[in-house]
Amino acid sequence: MVGNLVVRGIIVGIVAGLLAFGFAKVFGEPWVDLAIGYEDSHATPAAATEPAEPELVSRGVQSTFGLMTGLVVMGAGLGGLFAVMFAFANGRMGSLGSQQTSALLALLIWISFYFVPFLKYPANPPASSDDTTINFRSATYLVMVAISLAAMIGAWALRQRLVKDYGTWYASLMAAAAYLVVVVAFYLILPNVNETPADFPAVVLYDFRMASLGIQVILWASIGLIFGYVVEVTMMSKQRAVPMSRSPMMR
């Protein structure tokens, strides 16, 4: 059962990755090009006179096949993991059906895995950060992701405990409040990263971040909605097949 779900999740993830690639190509890549142009225009005279190193992967390949491959592979991996989490969550989220469970699960994962860490450490285009601090920035971002995911899991466990005493609505509100308290506390504890040059185009920075956010919205919305639909259709097909197998004509 779980194996079949994982296969479906991988296929759905590939479709989601292709949809995200289409969005990224149209709305994200132009801002990457502008950021690279800013970087080139601010190159030091010494760097400009040095012979250019041969590119292992050209910019054209990076913005097309490379981008598509990266998003499709990521989508396939996330789709497979999502299927495993769906198998655990389905039937344990109140009276929600498969489609509603899939959509809600994708929303919660997007919030905790991407959106909340993004608010603290948003994505930056090329030339807007110091290359020497990449390890520090990566570490703090991963810490924020881990904290947000752990807080979301803890909040859901708290909600399940409170439902019997306070009902679904108030239990959900208290769990959400607990999640926010933990997240805000670590927002204040973890260091800020402000490295963007003062003359970096604000519109490039803003639109690149919005494009990055949009890519993740497309990816997770596609996984949640398409996977839920696929599971629902599969279950309905199996339910229709059971009476037919029990028919006297089939014996």
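All heavy atoms count here, side chains included; hydrogens, waters and symmetry mates do not. For the single chain, residues carry numbers from 1 onward in sequence order. Small disclaimer: the values here were computed from a predicted structure and weren't measured.
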Which pair of heavy atoms, one from [X] and one from [Y], lies closest together, and at what distance?
X    : Y    : value
K120 : Y187 : NZ-O, 2.7 Å
L219 : G75  : CD1-CA, 4.2 Å
V182 : A151 : CG1-CB, 3.8 Å
M93  : W156 : CE-CH2, 3.7 Å
Y179 : A155 : CB-CB, 3.9 Å
G224 : F82  : CA-CZ, 4.3 Å

On the 0 to 90° scale, with breaks at 30° and 60°, tag the F113-W220 ring pair as parallel, tilted or perpendicular.
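F113 vs W220 ring planes: perpendicular.
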
State, without any angle test, whether [X] and [Y] hold a side-chain donor-acceptor pair at a distance under 3.5 Å.
X    : Y    : result
Y114 : S148 : no
E195 : T133 : yes
Y121 : N192 : no

Hey, does the Lys NZ or Arg CZ of R137 hover above the aromatic six-ring of Y141, less than 6.0 Å from the centre and inside 45° of the axis?
no

Keeping the roles fixed (side chain from [X], backbone from [Y]), state whether a donor-acceptor pair exists under 3.5 Å.
X    : Y    : value
R161 : A157 : no
R159 : A171 : no
S128 : P125 : yes
S222 : A16  : no

Please tell me whether L173 and L108 are part of a single hydrophobic cluster in this structure, the criterion being side-chain heavy atoms less than 4.5 Å apart.
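Different hydrophobic clusters.
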
Please report the interatomic distance CZ(F23) to CD1(I215), rounded to the nearest 0.5 Å.
6.5 Å

Would the number of heavy atoms belonging to other residues, nucleotides or ligands and lying under 6.0 Å from CD1 of I134 be above 12?
no

L78 versus M74: any side-chain heavy-atom pair under 4.5 Å?
yes

Measuring only between side-chain heavy atoms, which start at C-beta, is V32 closer than 4.5 Å to Q62?
no

